[in-house]
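Numbering of ligands and ligand atoms starts at 1, following listing order. Note that the coordinates shown come from a computational prediction; the quantities given were computed from them, not determined experimentally. Basis for what follows: all heavy atoms, side chains included, without hydrogens, waters or symmetry-related copies.
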Amino acid sequence: MTTQTITVNRDVKAELKAQAAAMREQFRERGTLVVNIVSSPGAGKTTLLEATARYWKGKHRIAVLVGDLATDRDAERLAPWVPVRQLTTGGACHLELPLVKKGFEALGMDDLEILFIENIGNLVCPSSHDLSEHLRIVLLSTTEGDDKPGKYPGMFRSSHAMVLSKTDLLPYVPFSPDQATDDARLIQPDLDAFQVCALTGDGVAEWCDYLLRKREEMLTQ
Ligand SMILES: Nc1nc2c(ncn2[C@@H]2O[C@H](COP(=O)(O)OP(=O)(O)O)[C@@H](O)[C@H]2O)c(=O)[nH]1
Ligand SMILES: [Mg+2]
């Protein structure tokens with residue numbers, strides 16, 4: 001295979017970035033906080049969204065766009081709790097803005113307080129794609145190892161908060177929440193950090209309060 005380097009001299013993603021910024025502002029004007037949830041596969045994104053929707057029990061107007069390579073299994077899990085649309089990438093390792101836009105239009109809900117986007121499980125590619133979110137949240141589960149922030153710096157640098165998930169497993173795995181948080185804050189000093197066990201509900205109230213606080217901050221910007 002031969003490789004050729006072409007100098008373009010312009011930002012090839014400039015148009016998409018401008019579209020994402022415009023959509024972000026439209027969402028803000030509607031009062032909708034957009035939250036992009038990223039992690040490796042199996043870190044607990046769907047479980048956290050189920051716990052969030054159960055905790056609010058219809059008290060807040062929320063919906064989920066859920067990305068998957070091939071199936072609608074996560075959408076099936078979430079559907080009993082929250083309006084949801086599946087975004088199937090057909091093999092692509094991340095979501096992109098046009099698919100999110102289509103999914104949001106299919107939802108047909110202009111008065112949401114929070115729109116969650118569950119990204120494809122992958123700690124690399126999703127970090128380079130602006131989905132018009134106001135908040136990017138990275139989940140790191142206790143079974144993945146506390147060294148992962150330093151190994152995947154792009155994802156942690158571009159995130160606003162880190163949720164340490166599966167805290168019920170802390171007694172059984174060599175994982176230090178302090179070590180993981182320190183490692184992540186070397187990369188992103190302003191990173192907010194939470195510990196959550198979505199299965200038992202521990203930490204879910206704090207997580208939900210954080211989201212509402214962030215929405216208020218967005219509205220008063
Ligand atoms: N022990 C434990 N397991 C969890 C927790 N949250 C999720 N899981 C399990 O982890 C697996 C992957 O969770 P899922 O939400 O599908 O992860 P996703 O791929 O990031 O959406 C499932 O078997 C969940 O039941 C947790 O807080 N504690
Ligand atoms: Mg999932």
- Query: So, Arg213 and Glu216, do they make that salt bridge, N to O below 4.0 Å?
  - Reply: no
- Close N or O approach (Glu118, ligand 1; < 3.5 Å): yes
- Which bit of Leu169 gets closer than 4.0 Å to ligand 1, counting heavy atoms only: side chain, backbone, both or neither? side chain
- Item | Heteroatom test (N, O or S) for Thr47 near the Mg ion (ligand 2), limit 2.8 Å | no
- Query: Got a sec: is Glu118 within less than 2.8 Å of the Mg ion (ligand 2) via an N/O/S atom?
  - Reply: yes
- Atoms in ligand 1 with a heavy atom of Ala198 nearer than 4.0 Å: 27 (O)
- Between Pro126 and Val38 the two heavy atoms that sit nearest each other are CB-CG1, 4.1 Å
- Query: Taking atom CG of Leu199 and atom CG of Leu48, what is their separation to the nearest 0.5 Å?
  - Reply: 10.5 Å
- So which N/O/S atom does Asp74 have closest to the Mg ion (ligand 2)? OD2
- Nearest protein heavy atom to atom 22 (C) of ligand 1: under 4.0 Å? no
- Protein residue, atom and distance nearest to atom 16 (O) of ligand 1, heavy-atom basis: Arg77 NH1, 2.8 Å
- Query: For atom 2 (C) of ligand 1, what is the nearest protein heavy atom, given as residue, atom name and distance?
  - Reply: Leu199 CD1, 3.3 Å
- Query: Considering only heavy atoms, which of Asn119, Thr47, Ile37, Val38 lies nearest to atom 14 (P) of ligand 1?
  - Reply: Thr47
- Task: Could you check atom 19 (O) of ligand 1 against the protein and tell me its nearest heavy-atom contact, residue, atom and distance included?
- Result: Gly42 N, 2.9 Å
- Task: Answer with side chain, backbone, both or neither: which part of Glu50 has a heavy atom less than 4.0 angstrom from an atom of ligand 1?
- Result: neither
- For atom 17 (O) of ligand 1, which protein heavy atom lies nearest, and how many Å away is it? Gly44 N, 3.1 Å
- Mutual orientation of the aromatic rings belonging to Phe116 and Trp207 [parallel < 30°, tilted 30-60°, perpendicular > 60°]: tilted
- Item | Proximal ligand 1 atoms for Cys197, defined as those under 4.0 Å from one of its heavy atoms | 27 (O)
- What distance separates Glu206 CD from Leu211 CG, expressed to the nearest 0.5 Å? 12.0 Å
- Note on the structure: Under 4.0 Å from one or more heavy atoms of Thr46, ligand 1 contributes atoms 15 (O), 21 (O)
- Item | cation_pi(Arg30, Phe27) dist<6.0 Å, angle<=45 | yes
- ligand 1 contact by Gly121, heavy-atom criterion under 4.0 angstrom: no
- Message: Tell me whether Glu105 is salt-bridged to Lys102, with the criterion being a basic N under 4.0 Å from an acidic carboxylate O.
- Response: no
- CG of Leu123 to CG of Leu139: how many Å apart, nearest 0.5 Å? 10.0 Å
- Lys/Arg-Asp/Glu bridge criterion (N-O < 4.0 Å) met for Asp130, Arg24: yes
- re atom 28 (N) of ligand 1, the protein heavy-atom contact at minimum distance is Asp168 OD1, 2.8 Å
- Task: Could you find the nearest protein heavy atom to atom 8 (N) of ligand 1 and give me its residue, atom name and distance?
- Result: Lys166 CE, 3.7 Å
- Between Gln195 (side chain) and Gly203 (backbone), is there a donor-acceptor pair under 3.5 Å? no
- N or O pair under 3.5 Å between Ala43 and ligand 1: yes
- Do Asp68 and Arg73 meet the salt-bridge criterion of a basic N to acidic O distance under 4.0 Å? no
- Query: So which of Met162, Arg185, Lys151 actually passes side chain to side chain contact (heavy atoms under 4.5 Å, CB included) with Phe156?
  - Reply: Met162
